[in-house]
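Written out below as structure tokens is the structure these notes cover.
In what follows, every heavy atom counts, from backbone to side chain, and hydrogens, waters and symmetry copies are set aside. Keep in mind that what you see is a predicted model, and the values were worked out from it rather than measured. Chain identifiers are assigned alphabetically (A, B, ...) following the order of the sequence lines, protein sequences preceding nucleic acid strands; residue numbering begins at 1 within each chain.
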Amino acid sequence: MVKYNEYKNLNYAKLGEEILAFWKQNGIFEKSVATREGNKPFVFYEGPPSANGTPGIHHVMARAVKDIFCRYKTLKGYQVNRKGGWDTHGLPVELQVEKELGITKEDIGKKITVEEYNQRCRETVMRFKNQWDDLTEKMGYWVDLDNPYITFENDYIESCWALLKRLYDMGYLYKGYTIQPYSPGAGTGLSSHELNQPGCYKMVKDTTIVAQFEVKRITRNMFLFDNENEKVCFLAWTTTPWTLPSNTALAVGKGIKYVKVKTYNPYTFEPVSVILAKDLVSRYFNPKAADLDVEAYSPGDRLIPYKVVEEFEGRDLEGVEFHQLMPYVQPEKPAFRVLIGDFVTTEDGTGIVHIAPTFGSDDFRVAAQNDIPALLVQDENGKPMPLVDKQGRFVPQVTDFAGQYVKNYTGEDETHVEYKTTDVKIAIMLKEQGKAFKVEKYEHTYPHCWRTDKPVLYYPLDSWFIKTTAVKERMIELNKTINWKPESTGTGRFGNWLENLVDWNLSRSRYWGTPLPIWRTEDGDEEICIGSIEQLNKEIAKAVDAGVMEAGIELNDLHRPYVDNIVLLSKSGKPMHREPDLIDVWFDSGAMPYAQWHYPLENKEIFEKNFPADYIAEGVDQTRGWFFTLHALAVMLEDSVAYKNVIANGLVLDKNGNKMSKRLGNAIDPFEMIGQYGPDAVRWYMIANAPPWDNLKFNPEGVVETQRRFFGTLQNTYSFFALYANLDNFTFEGDEIPLKRRTESDRWIISKLNTLVQDVDSNLADYDPTRAARAIQDFVVDDLSNWYVRLNRKRFWKGEYNEDKVAAYQTLYTCLETIAKLASPIAPFYTEQLFRDLNSVSGRNSVESVHLADYPEVAEGAIDKDLEERMQLAQTVSSLVHSLRKKHMIKVRQPLQRILIPVLNEKTKEQVQAVEDLIMSEVNVKTIEYIDDTSGILVKKIKPNFKKLGQVFGPKMKLVAAAVQKMGQEDIATLEREGGFNIQLAEDDTAVLTPEDVEITSEDIPGWLVASEGRLTVALDITITEELKQEGIARDLVNRIQNLRKDSNLEVQDKINITFAKAAPEVNAAIENYQDYIATETQAFSISFADELPNGTLLDIDEYQVYILIDAKAGATA
RNA sequence: GGGCUUGUAGCUCAGGUGGUUAGAGCGCUACACUGAUAAUGUAGAGGUCCGUGGUUCGAGUCCACGCAGGCCCA
């Protein structure tokens, strides 16, 4: 006979290991995919992690979220392939290698070859792969670790190349520039990482200028002018006057308030109206001058009068045109307009920002978005360049300053009296021209090149771009079809990002990454984009034939430096060298839907079957990372979304809401957590505690609570089942007993169970695991354990093996088995054990694992909302009676005669009657009586139905409510009897109430002690008769005997003989009268009396004492 | 600085479309129960629903402006 496993002390961590071994041994994961062969696929993309660091607890969160839906969809019959992957390129790896070798980027190619450097990167990036694989397994994240895609492999890179080539052929790949920190002294761009080296930001004193940009006197600007002689100027502040010749626009803040001030130029004393931010007026004007008469000013007066004459919002100023400040070079398109910039503040300056698109990244971006050109000239090769050359000198076209360095890059002696910086010279000139409103020294921090110690310039540097703006509208459109969890990330963070899209800058000046497959002639006139190794080899052959490249170079690795050694031949016969850039690593990860299959070079069918993804999940920080690059590439390459559903999960913080970091020592080790509490409790806690998209404050105590409360309760329930089912040899043989032959509580829990199956299904279908987990938890703890099992305990251990008992077993079994299936996506280990423990005896499922099972079908017919309502009523009544007992200090073991329930309608009465038995046994009361209106003793309470009345009476609500409160018992009776009641609102205003306008409840029964909750009231008869008293004693005796049995370690099924010593007459009578009851309850063959029991045990029952002897040996072999 | 997001009991969180007495679990206190027992029940204490205005007969809920935390971007 196979038995249900019974456990003494379940060790959840050990359980995890055992189940893991079972899965491995039997290839359950593989089977969960293989057995769904031919079914509809559910496509999941794994966002590749980088294995150059150790995994943290937040990875458990992220991966649990991924795992849950893959398992769920498998249960629902889909085939879910999950290919793992590794993200291997990028700056973090490079930095780690440099740190370990004690070198900087500067040393690459000198102290260490690029080859060696990249070799180190390749080794480093997979250093913690074993730890990652280990965590993946231990936490139960099912993903194919044996055939992952790896972004540094040649096949993967080749796919990236093929995709780049496609983009190139579509005209989406172009060379342009971005504004980057640049060191003229060193002649090189600087990464933000280099800029953040200590000591790079230094305090410097710069000459700053508030310049006057004169508004054009054209029709659209006339609202800014008061009269035809007025000169109106925008004031804009700059700490880099050398950028002023390159100005093409001004930026204001949309919501910032600006004012027009009538005043005089402090250097030329000419009258002028200036526009600046309202908040900053006091910074430029002396308040003492505010009262002066503006007209009465004469040049040279110390106080310059001013008058605020008008106010605008930034948005009013958008589009206003102004005259070029320093007209050395003309733009190719219309410029010199006011734009809205989100970076504008009133912290300093004037609240108006001067825009030079060639020398600021904000400037560049806002100009590009508004189609404002940059000021450019042509170099000697006819290529466009900015007004400052790469050495940091003004170009000849800036005639007054031609050839002058914009900063001191030549080591001139700044202490010399004649020395003037270029900024100062510009300031002097603008003052003379009446275009400077204020010139002053300003001390601030400014980044310097760590090599030359000179200030950096923000300078346009070559970059390759993907023209994402070309498909912006389509990306926005398709984004609307994606189901974002939470929705706000899709519409907000991601949507806004798309709205403000700029072209994707692909270039990275680094070593360890996917090389840009573009070869160019030196003059840039000819170029080729390579899309495959095959193509490259052909081109190499051509180049070797033509003699531009030496023969015999074999391409084994597509990384640098090997690709850099390849020289190709242009159509016109010139040599072409590779553009030295690497591509953004985000391209690697965004390309994974294609590159993971080496598509488009092969596997067309597999790709098509697995695109787009049904579901992905990653941290919200990936919005502009992976989520974006997947989307961008899919729209451009396939005119499709890359994913249909996406969960953007939040952060895992420590229990105080702080970010976890190894440095602060508040990081939680995932291995430790799983080792201590097992994987299920950790997963369940994380999912049930907060929705994945909220930040989770991770508190290990919460894991303990989850384990105790949810898993402990579930395990208790199973143990209870197993204990008795084993005794009765219940194996779920034969047919299921029809619902109508089961008890009310059986049908109730089955109804609840089916409701749960529905709820969990719809929540998981909606990608909300938290609601699903909470629903399961509430069912297990509240409904199944604390109500169903508690009420039905006796059915399991008492009496013969009849249909009622079988029904109880079947019901509880069904609940447990269904819970195992429902909860298996979230707690895959424990539910596996539970399922197998149950199934190994019953064999009801033909599968060997819960993860190979099908999601339970909802038995619609078993759902009985009416019944669920009734049971709720029973629970409320019981709770009220318990509360009354407590108030009168009457223990539950003391039977009471009756409770009274006032019922105002027939339905409530019927509902309570249906659950009478349950209530009576739960609260130990003999009868329930109902009193209705006809009894005439009910005291009623009336309360306005605000929702209904509000709609009808609106503003008169308060009067109506007051009138309702005043209604007495007779008024209520009238309302009920006649279906209407007149109330007086004001002297000449009355209204008619209907029964629907109010809520009538029974509150009191005169002469009884009552308790009520909501609309339900219960009264309890607390008279204890002699008979009731005896029964109470009998029950107490049973209780004490049961304790004795337990203390003497008797098994549940052991039989005993009982001997009582004579005691108080009440006790003797109780034993006498309830002999059968006591015997049945305690499984006693016989009950006898003795005059004395010197070896007996003394029992205390309230004020009584009795000696007892129980004998387990005699005839205990029933 | 901008975008997004969160703010409800000591802690973790619920609170469709506004309805007057804001809930649960944990923790705390007391009492009870006892063949699920390292479980359970009942009761109690504990709230300026982040603040300020507004809309409304009525706001935890809607609107505006703030404050504080978080993420991303600059």
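- The base-pairing partner of G1(B), taking Watson-Crick or G-U wobble contacts with both distances under 3.5 Å, is C73(B).
- For Tyr724(A) and Phe796(A), the gap between ring centers reaches or exceeds 6.0 Å.
- Across all strands shown, G25(B) forms a Watson-Crick or G-U wobble pair, both distances under 3.5 Å, with C11(B).
- Within 3.5 Å, a donor on the side chain of Ser785(A) pairs with an acceptor on the base of A36(B), or the reverse.
- Across all strands shown, the partner of A68(B) is U6(B), judged by Watson-Crick or G-U wobble contacts whose two distances both fall under 3.5 Å.
- A sub-4.0 Å separation between OP1 or OP2 of A36(B) and a side-chain N or O of Arg793(A) is present.
- Nucleotides C57(B) and G1(B), compared at atom P, are 39 Å apart to the nearest Å.
- In this structure A32(B) sits in a base pair with U40(B), meeting the Watson-Crick or G-U test at under 3.5 Å.
- Residues Arg1035(A) and Asn924(A) have side chains that bring a donor and an acceptor to within less than 3.5 angstrom of each other.
- No donor-acceptor distance shorter than 3.5 angstrom exists from the side chain of Asp766(A) to the backbone of Asp768(A), with no hydrogens or angles considered.
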Walk along nucleotides 26-33 of chain B from 5' to 3' and tag each nucleotide B, S or - by protein heavy-atom contact under 4.0 Å, base first, then sugar-phosphate.
SS---SSS

Contact pattern, 5' to 3', of nucleotides 4-17 of chain B - B, S or - by protein heavy atom under 4.0 Å
BS------SSSS-B

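- No donor-acceptor pair under 3.5 Å is formed between the side chain of Tyr813(A) and the backbone N or O of Phe721(A).
- Across the strands present, G46(B) finds no partner; the criterion is a Watson-Crick or G-U wobble pair with both atom distances under 3.5 angstrom.
- In this model, no donor atom of one side chain and acceptor atom of the other lie less than 3.5 Å apart for Ser785(A) and Asn716(A).
- Within the shown strands, G19(B) is the pairing partner of C57(B) under the Watson-Crick or G-U definition, both distances less than 3.5 Å.
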